[in-house]
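See below for the structure under consideration.
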Amino acid sequence: MYSTKKITDSIFWVGGNDRRLALFENLFPIPRGVSYNSYLIMDEKTTLMDTVDSSITRQFLENIFHTLGGRTLDYLVVNHMEPDHCANIEELMFHFPEMKLVGNAKTFSLIRQFYHMDLEGRTITVKENDTLSLGSHTLRFCFAPMVHWPEVMMAYEESEKILFSADAFGSFGALNGNLYNDEVFFDRDWLPDARRYYSNIVGKYGAQVQTALKKLAGTEIRLICPLHGPVWRSELGYLLDKYDRWSRYEPEENAVALFYGSMYGNTENAVSILASGLADGGIKNIAIHDVSSTHVSTLIAEVFRCSHLVLAAPTYNNGIYPAMLNLLHDMKALNVQNRTVSLIENGSWAPSCAKQMRALLDEMKGINILEPIVTIKSAPNEDSLSTLELLKESILSSLANKG
Ligand code: FEO
């Protein structure tokens, strides 16, 4: 049975939710599920904006057939060629033999790589700023390469001022009946997943996101319709500000997150002591994460949120404790920049983890490493506690300067 949402008199949400998928991209845990948004514009030319993942094909088709009410589908706009949004292209081509696919040159190159369909006579290739008239609606195409794949484009509907933004401005999380940002407690219930989605999926491409934001800067936008998560119809400035900060790799908050790996609790002990001291120094909302038991995508989201990071780990096989190494590799891969970092190492006979962590951090831009580095030999003692005290003062002073 169909389950659609009316967005305007002639535009409908026809997507669906997957609450059974454990790992998005077979990589990222999504305990709150995920939505695959698709939008149908009912005009002289009926036009679908992207399709959905294969997991919800049946729901999707029911939504489309219900909304079309017996009409055919004229256009399918492919803003993004990742399979979570195009798994149903072939199915639609079969159901609607007159339907034309609208994309750019890269879109069609990717379609041919992924699928073996006969596209002869069924494509409309658009270039940057091209328009497509649907009747009373007109789509203008704005290319956004690498947000998050090279073929990505956004489509701006001029008459109703709606931006179909592809992956941009999306979030993990299934839509629980409420479609709009102002129908949910976004800050409490959605922001952590929106941040985790951005930082892990698009985080590497901050420069390209900045380019896209600049292109959109002069455009009046009433609604943002992303491919995942809520549709934005209010407080667009809030969302655009988050994207601006995240894509400039500026911290969202002047805040401290402590990340530790600990084999027997001694490195964790040092982190707890440091956090307690920071709290005594007036710091609020301190976050502590065990890198061994917290998925790295959640750790990355925290890295994007916080200005001050503490990395604490044992030396392991003369190297960095593997779970911490994994986090550092992801930070580098996702282009993390502009953070103040403190280092705590542990080692019972040859501690060298801090030096190696510093070497990796030196490969990232704008990383300021606070002194002193704390070395623990097996377990905190009076010596390491006094260094930890100095580090606490250093963090407090740095936070005060940036506050
Ligand atoms: Fe939701 Fe880049 O696909």
Side-chain angles (χ1 to χ4, degrees), residues 13-39 48-57 59-60 76-90 92 101-104 106-111 113-115 141-155 163-175 179 190 193-209 211-213 224-232 239 242-243 246-247 297 300-301 304 330 333-335:
W13 178 87
V14 292
N17 297 289
D18 188 344
R19 297 184 178 84
R20 294 193 291 181
L21 183 68
L23 299 174
F24 186 80
E25 293 186 354
N26 211 10
L27 202 57
F28 304 106
I30 45 169
R32 295 175 59 245
V34 65
S35 78
Y36 301 108
N37 299 337
S38 171
Y39 307 91
L48 186 69
M49 309 303 290
D50 294 290
T51 80
V52 298
D53 189 76
S54 57
S55 58
I56 58 164
T57 296
Q59 177 73 70
F60 177 58
L76 167 60
V77 174
V78 183
N79 279 327
H80 185 16
M81 247 313 290
E82 192 160 5
D84 55 333
H85 307 295
C86 10
N88 291 280
I89 293 177
E90 195 163 20
L92 292 177
L101 299 182
V102 180
N104 56 57
K106 286 180 181 161
T107 317
F108 293 121
S109 162
L110 282 171
I111 287 185
Q113 284 176 206
F114 272 105
Y115 307 112
F141 298 98
C142 168
F143 287 14
M146 299 319 298
V147 186
H148 130 247
W149 278 19
E151 86 299 351
V152 168
M153 58 185 193
M154 301 184 189
L163 181 70
F164 297 96
S165 63
D167 273 346
F169 310 116
S171 176
F172 293 134
L175 295 164
L179 178 63
W190 282 86
D193 260 342
R195 185 188 296 115
R196 191 164 66 93
Y197 174 85
Y198 174 85
S199 55
N200 288 278
I201 304 291
V202 193
K204 180 178 180 62
Y205 304 111
Q208 290 85 348
V209 172
T211 302
L213 289 174
I224 296 179
C225 294
L227 289 175
H228 302 284
V231 168
W232 284 77
L239 181 64
K242 295 285 183 210
Y243 261 66
W246 292 336
S247 57
S297 64
I300 285 293
F304 271 68
D330 243 20
L334 293 166
N335 238 338

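Note that ligands are numbered from 1 as they come in the structure, with each ligand's atoms numbered from 1 the same way. Numbers here are sequence positions counted from 1.
- Checking side-chain atoms of Asp18 against main-chain N and O of Val34 turns up no donor-acceptor pair under 3.5 Å.
- Of all protein N/O/S atoms, those lying under 2.8 Å from atom 2 (Fe) of ligand 1 come to 4.
- Every residue meeting the ring-ring contact (aromatic ring centres under 6.0 Å, His included) condition with Tyr198, not counting sequence neighbours, appears here in chain and number order: Tyr243, Trp246.
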Practice task
Determine, step by step, whether Asp167 and Tyr197 satisfy the side chain to side chain donor-acceptor pair (under 3.5 Å) criterion, reporting the C-alpha distance in whole Å, the side-chain angles of both residues, the deciding distance to 0.1 Å, and the verdict.
Solution key: CA-CA 10 Å; Asp167 273 346; Tyr197 174 85; 3.1 Å; yes
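- Put simply, the residue from Asp193, Asn37, Asp84 that forms a side-chain hydrogen bond (donor to acceptor under 3.5 Å, both in side chains) with His228 is Asp84.
- Between His80 and His85, the two ring planes are tilted [angle within 30° to 60°].
- Here the side chain of Asp50 pairs a donor or acceptor atom with the backbone of Asn79 at under 3.5 angstrom.
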